[in-house]
Participant: 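This is the structure I have questions about; it appears just below.
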There are 2 protein chains.
Amino acid sequence: MSLEYAILVSLQERAGSGYELARRFDKSIGYFWGASHQQIYRSLKRMVELGWVSCDEVAQEKRPDKKVYRVSDSGAAELARWLAEPAADPPAIRNELSVKIRGASYGDVGQVLAEVRRHRRRHAERLAVYQAIEQRDFPDPTGLTGQSLHQYLVLRGGIGYERSMVDWCDEVARALEADSPR
Amino acid sequence: MSLEYAILVSLQERAGSGYELARRFDKSIGYFWGASHQQIYRSLKRMVELGWVSCDEVAQEKRPDKKVYRVSDSGAAELARWLAEPAADPPAIRNELSVKIRGASYGDVGQVLAEVRRHRRRHAERLAVYQAIEQRDFPDPTGLTGQSLHQYLVLRGGIGYERSMVDWCDEVARALEADSPR
DNA sequence: GACGGCATGTAACCAGTTACATGATTAT
DNA sequence: ATAATCATGTAACTGGTTACATGCCGTC
């Protein structure tokens, strides 16, 4: 159910349409909580019913009309309540690649190794994206406070995660190469 | 759909009952692919229908009967096929704590900080568990090959992940303390 | 007598993914 | 022409969680 709260946070930062929210979930927020536009529209509908957000239809020139959502007082209260509540314990990580590595000897180890290398590239790409954002938006993080500090810290989490994945893929690739050489 | 394949890997290592599998998913395999007993029973049923595993009813003294599952030839072939197939791109991480940090200013930052500390402890605990396993089962990893190497590498992934989470929680806690001191 | 371990399941629900569906405007 | 961007949604399916349900054995 965190999606609703992620949307509340995003709408508190700035009101917007479902489409705009979907864009944001492709970027900033989406780096640690992904959501497709279908999910977002469904959630917004529910949130209107719950009275957490209000919705204004806005006519635009040269563009389709859009519905701009903003957080209501009761939505803001609900967000504050949720923030004070303990978060669910981090769920077991589900890592498909780990399953393949663990089972590698029941198939073609070389193919699994190729997958490890491919994932290494993916993680390195994301790491580069996060680091570029860090350089651009937080060149000097020492003085950060409040919301920009919070944004920065979340970004740091993404960087740490991707870096650990890259390192792990490297370790795995090295070990598999050494074990089944050619 | 990886659960079915995680079960195949586990049953290749050793045949067993649904209950035993559930135990294993609480331990080794479960460190990177969690599954409840309900899920496991459901999957086993499906896998019998697909012909990937066979099932023998075994009567036990002083214990309830159990059904021992083992991988069939067609299951082994299916596993090898899946291993050669590219894995899905790592999905967007969904991290509830990040959502709370990002939104902290819309609620009580102190409460969010407490949550960060709690998660720090959880991750440190899991890290300690993994490191204990590493010490016990892989005191000298240099010569590892084949299946034990693969097991070791997966464990290393867990260690790297938990360590990066602990480090991140520390960074976040330090920054939040400095920002809203008391 | 209560609790924990062994052993198996069903049912309802919730969240997320994939596929389908529409339609205008702007840029190549 | 065709693709990309803006803009909104529905429907079916899949996978995972939570709650419920049963029953035996051994130990404290």
Participant: Filter on salt bridge (Lys or Arg N to Asp or Glu O under 4.0 Å), then keep only pairs touching residues 32-54 of chain B, sequence neighbours left out; what's left?
Facilitator: B:E4-B:R46
Participant: If you take any heavy atom closer than 4.0 Å to DNA chain C, which residues from residues 16-40 of chain B end up in contact?
Facilitator: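 Here the set is B:S17, B:G18, B:Y19, B:H37, B:Q38.
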Participant: Using a heavy-atom cut-off of 4.0 Å to chain B, what are the terminal contacting nucleotides of DNA chain C, in 5' to 3' order?
Facilitator: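 For DNA chain C, the relevant span reads C:dG5 to C:dT17.
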Participant: Evaluate side-chain contact (heavy atoms from CB on, under 4.5 Å) for A:N95 paired with A:W168, printing each intermediate quantity in order.
Facilitator: CA-CA 13 Å; A:N95 187 327; A:W168 176 60; 4.1 Å; yes
Participant: Are B:V68 and B:V71 co-members of a hydrophobic cluster defined by side-chain heavy atoms under 4.5 Å apart?
Facilitator: no
Participant: Quick one: salt bridge (Lys or Arg N to Asp or Glu O under 4.0 Å) pairs with a partner in residues 16-35 of chain B, sequence neighbours left out?
Facilitator: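 Listed once each, the pairs are B:E20-B:K66, B:R23-B:D26.
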Participant: Between B:E4 (CD) and D:dG15 (P), how many Å, whole number?
Facilitator: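 The distance from CD of B:E4 to P of D:dG15 comes to 7 Å, rounded to the nearest Å.
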Participant: Between the protein and nucleotides 25-28 of chain D, which nitrogen or oxygen pairs come in under 3.5 angstrom?
Facilitator:
none

Participant: Using the test side chain to side chain donor-acceptor pair (under 3.5 Å), find all partners of A:R118 that sit at least two apart in sequence or belong to another chain.
Facilitator: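 Checked A:R118 against side chain to side chain donor-acceptor pair (under 3.5 Å); matches are A:E115, B:D89.
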Participant: Determine whether B:L11 and B:Y19 fall in the same hydrophobic cluster, where Ile, Leu, Val, Met, Phe, Trp and Tyr are linked whenever their side-chain heavy atoms lie under 4.5 Å apart.
Facilitator: no
Participant: Using side chain to side chain donor-acceptor pair (under 3.5 Å) as the criterion, list what pairs up with B:R81, not counting sequence neighbours.
Facilitator: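 If we apply the side chain to side chain donor-acceptor pair (under 3.5 Å) test to B:R81, skipping adjacent residues, the hits are B:E78, B:E85.
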Participant: Please determine whether a side-chain nitrogen or oxygen atom of A:R94 lies at a distance below 4.0 Å from atom OP1 or OP2 of D:dT17.
Facilitator: yes
Participant: Would you mind listing every salt bridge (Lys or Arg N to Asp or Glu O under 4.0 Å) that reaches into residues 138-167 of chain B, with sequence neighbours excluded?
Facilitator: A:E171-B:R156, B:R126-B:E162, B:E134-B:R156
Participant: Hey, which of these two, A:L3 or B:Q60, hits DNA chain C nearer its 5' end, going by closest nucleotide?
Facilitator: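 Result of the comparison: B:Q60.
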Participant: Need the bend value for the helix from C:dG1-D:dC28 to C:dT28-D:dA1: angle between end axes, 5 pairs each end, nearest 10°.
Facilitator: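 End axes: 30° apart.
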Participant: Can you pull the ring pair (Phe, Tyr, Trp, His ring centres under 6.0 Å) pairs that have at least one residue in residues 40-95 of chain B, sequence neighbours excluded?
Facilitator: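 For residues 40-95 of chain B: B:Y5-B:W52, B:Y5-B:W82, B:H37-B:Y41.
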Participant: Please, which pairs that meet ring pair (Phe, Tyr, Trp, His ring centres under 6.0 Å) have at least one residue in residues 83-141 of chain B, sequence neighbours excluded?
Facilitator: B:Y31-B:Y130, B:F138-B:Y152
Participant: Would the number of heavy atoms belonging to other residues, nucleotides or ligands and lying under 6.0 Å from CZ of A:R14 be above 12?
Facilitator: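 It does not: A:R14 CZ has 12 such atoms or fewer within range.
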Participant: Walk me through whether B:F25 and B:L3 qualify under side-chain contact (heavy atoms from CB on, under 4.5 Å).
Facilitator: CA-CA 10 Å; B:F25 274 83; B:L3 175 57; 4.0 Å; yes
Participant: What pairs meet the salt bridge (Lys or Arg N to Asp or Glu O under 4.0 Å) rule with one or both residues in residues 101-112 of chain B, with sequence neighbours excluded?
Facilitator: A:E13-B:R102
